[in-house]
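Notes follow the structure.
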Amino acid sequence: MEFSEWYSEILEKAEIYDVRYPIKGCGVYLPYGFKIRRYAFEIIRKLLDETGHDETLFPMLIPEDLLAKEGEHIKGFEDEVYWVTHGGKTPLDVKLALRPTSETPIYHMMKLWVKVHTDLPIKLYQIVNTFRYETKHTRPLIRLREIMTFKEAHTAHATKEEAEEQVKEAIEVYKKFFDALGIPYLISKRPEWDKFPGAEYTMAFDTIFPDGRTMQIGTVHNLGQNFAKTFEIIFETPDGGKDYAYQTCYGISDRVIASIIAIHGDEKGLSLPPIVAPIQVVIVPLIFKGKEEIVMNKAKEIYNLLKDKFRVHLDDRDIRPGRKFNDWELKGVPLRIEIGPKDIENGKITLFRRDIEEKFQIGDNEELIDEMEKTLNTINENMKNRAWEKFDAFIKIVEFNESKIDEIKNILSEERGVILIPYVESIYNEELEDKVEASVLGITEYKGDKYIAIARTY
Ligand SMILES: Nc1ncnc2c1ncn2[C@@H]1O[C@H](COS(=O)(=O)NC(=O)[C@@H](N)CS)[C@@H](O)[C@H]1O
């Protein structure tokens with residue numbers, strides 16, 4: 001099946017997200033999908049909290065004059081902003097924007113908070129909904145008009161060097177985050193012509209979807225003093241002078257959820273890394289005539305043994321085990337425990353690993369908890385390694401010269417994936433995109449060398 005059809009179908013069949021909301025580019029997280037989102041974003045919260053960030057909340061509405069303050073910034077967003085013009089029947093004297101991102105409201109407040117260098121650094125983040133009137137093809141969780149899970153971090157520092165260090169820290173946080181989710185990535189410095197509006201430069205994380213197209217799943221921007229000068233975030237330096245703050249910001253969105261689904265899924269449906277699986281272990285009792293009692297008792301015993309350590313579900317529906325197996329494989333439950341009378345006699349239980357689709361037996365005794373812990377960690381690791389193998393297979397290094405252009409175009413239109421061209425200053429320009437009929441992701445390090453990365457993107 002073609003990937004985008006698979007993707008749309010799985011969102012519905014695995015009850016993750018409902019696209020039938022009556023506004024284009026807006027959708028509804030169903031409970032199962034919402035849990036995946038919650039476990040995934042708990043990981044990024046922890047990583048940000050551990051690196052000195054504080055979670056906050058800013059208003060969604062931005063007065064027009066505030067949004068328009070930073071010239072580059074508003075130029076980049078003016079075609080995407082939703083406006084609120086009335087309060088009830090009363091026309092508003094100042095139009096209000098629904099935040100497309102929150103540099104302007106946050107930096108307006110930072111001006112009030114920052115006086116001396118000891119007020120810095122400030123490291124804030126919020127996980128909110130933002131709004132962008134996307135004119136390109138909207139897609140559930142991938143290109144939304146209401147971005148429902150927009151984690152935006154914003155920092156202010158007393159020196160340029162500290163802001164540079166912060167960019168590096170943000171990149172490390174994202175690497176840990178995507179590694180925890182088993183999502184492979186290429187990190188590149190976006191070209192001047194494709195950086196975040198108002199930034200000095202943009203570092204981006206791109207993954208590769210099963211159809212070979214790349215997806216920008218996270219970005220880190222060094223804003224220099226551009227916004228600080230516009231918003232007058234000025235502080236007294238240690239020697240009694242004055243300077244503008246040095247800032248960064250970095251964001252991820254619902255695309256993280258889309259990537260978990262797309263990258264780990266297979267023809268049977270979802271396959272979830274245990275770390276974000278709403279149900280990590282499902283217990284399926286194999287009921288045989290006359291043995292119902294002992295099987296259900298054992299199933300309940302195993303459930304009670306595991307329920308405080310894992311997210312476990314006992315499927316006691318009165319339907320055939322095969323139906324249950326299909327249901328839970330579709331929903332990506334990483335581990336299934338089958339309990340039947342024969343196993344009980346031998347003091348065994350049968351486990352089924354969703355990631356490698358293999359069954360194996362272990363003892364149904366006190367080591368069970370350790371065994372489960374080990375198996376779930378093995379599954380997380382295996383899913384990450386397998387995703388990286390697929391990712392690396394999509395990457396091709398091609399020496400660039402005019403005669404190679406057709407070869408590059410063919411690769412990008414057939415297999416797609418990412419083409420890496422050994423970096424040469426003279427070819428690194430916007431015309432390159434027209435030549436190869438694809439996007440320049442930017443400059444990247446791959447296995448120790450410097451390349452220009454090119455790909456068909458979402
Ligand atoms: N329409 C959209 N739907 C879903 N995700 C999006 C959309 N637009 C951007 N994103 C995701 O949001 C991330 C951050 O957006 S951004 O424009 O690059 N950066 C910012 O807005 C900065 N303020 C950092 S928070 C992007 O890397 C991309 O992964």
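Since we're looking at a predicted model, the values are computed, not measured. Position 1 is the first residue of the sequence, and the numbers go up from there.
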Given Arg190, which partner from the list Asp206, Thr202, Thr219 fulfils the side-chain hydrogen bond (donor to acceptor under 3.5 Å, both in side chains) test?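 That would be Asp206.
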Look at [X] together with [Y] and state whether they make a salt bridge at an N to O cut-off of under 4.0 Å.
X      : Y      : result
Arg317 : Asp327 : yes
Arg386 : Glu389 : no
Lys342 : Glu345 : no
Asp266 : Lys268 : no
Lys160 : Glu200 : no
Arg336 : Glu329 : yes
Asp49  : Arg45  : no
Glu80  : Arg145 : no

Can you tell me how far apart [atom1] ([X]) and [atom2] ([Y]) are? Round to the nearest 0.5 Å.
X      : Y      : atom1 : atom2 : value
Leu144 : Ile23  : CG    : CD1   : 12.5 Å
Ile302 : Ile349 : CD1   : CD1   : 5.0 Å
Ile339 : Ile294 : CD1   : CD1   : 11.0 Å
Ser8   : Phe3   : OG    : CZ    : 8.5 Å
Leu306 : Glu373 : CG    : CD    : 10.5 Å

Does the gap between the ring centers of [X] and [Y] come in under 6.0 Å?
X      : Y      : result
Phe196 : His73  : yes
Trp193 : Tyr428 : yes
His53  : Tyr250 : yes
Phe352 : Trp328 : no
Tyr201 : His221 : no

So, applying ring-ring contact (aromatic ring centres under 6.0 Å, His included) with His154, which one of Tyr125, Phe227, Tyr107 is it?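 When Tyr125, Phe227, Tyr107 are each tested with His154, the ring-ring contact (aromatic ring centres under 6.0 Å, His included) holds only for Tyr107.
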Would you say [atom1] of [X] has more than 12 non-hydrogen atoms from neighbouring residues, nucleotides or ligands within 6.0 angstrom?
X      : atom1 : answer
Glu12  : CD    : no
Lys309 : NZ    : no
Lys35  : NZ    : no
Arg320 : CZ    : no
Glu50  : CD    : yes
Lys13  : NZ    : no

Does Arg353 form a salt bridge (charged side-chain N to carboxylate O under 4.0 Å, His left out) with Glu358? I'd like the steps, not just the answer. CA-CA 5 Å; Arg353 270 180 58 175; Glu358 278 173 23; over 6 Å; no
Would you say the side-chain atoms of Gln216 and Thr214 include a donor-acceptor pair closer than 3.5 Å?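 Not at all, the side chains of Gln216 and Thr214 share no donor-acceptor pair under 3.5 Å.
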Test Pro273 against every option in Leu181, Ile260, Ile183 by the side-chain contact (heavy atoms from CB on, under 4.5 Å) rule and name the one that passes.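 Going through Leu181, Ile260, Ile183 one by one, the side-chain contact (heavy atoms from CB on, under 4.5 Å) with Pro273 is satisfied by Ile260 alone.
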Apply the test salt bridge (charged side-chain N to carboxylate O under 4.0 Å, His left out) to residues Lys396 and Glu415: give CA-CA distance (whole Å), side-chain angles for both, the deciding distance (0.1 Å), then the verdict. CA-CA 10 Å; Lys396 285 180 186 53; Glu415 304 132 67; 3.0 Å; yes
Quick one: do Gln126 and Glu55 satisfy side chain to side chain donor-acceptor pair (under 3.5 Å)? Show the steps, please. CA-CA 5 Å; Gln126 63 177 1; Glu55 187 167 6; over 6 Å; no
Let's go through Tyr451 and Tyr423 carefully: what are the C-alpha distance in whole Å and the side-chain angles of both, what is the deciding distance for ring-ring contact (aromatic ring centres under 6.0 Å, His included) to 0.1 Å, and is it a yes or a no? CA-CA 4 Å; Tyr451 296 93; Tyr423 178 74; 9.9 Å; no
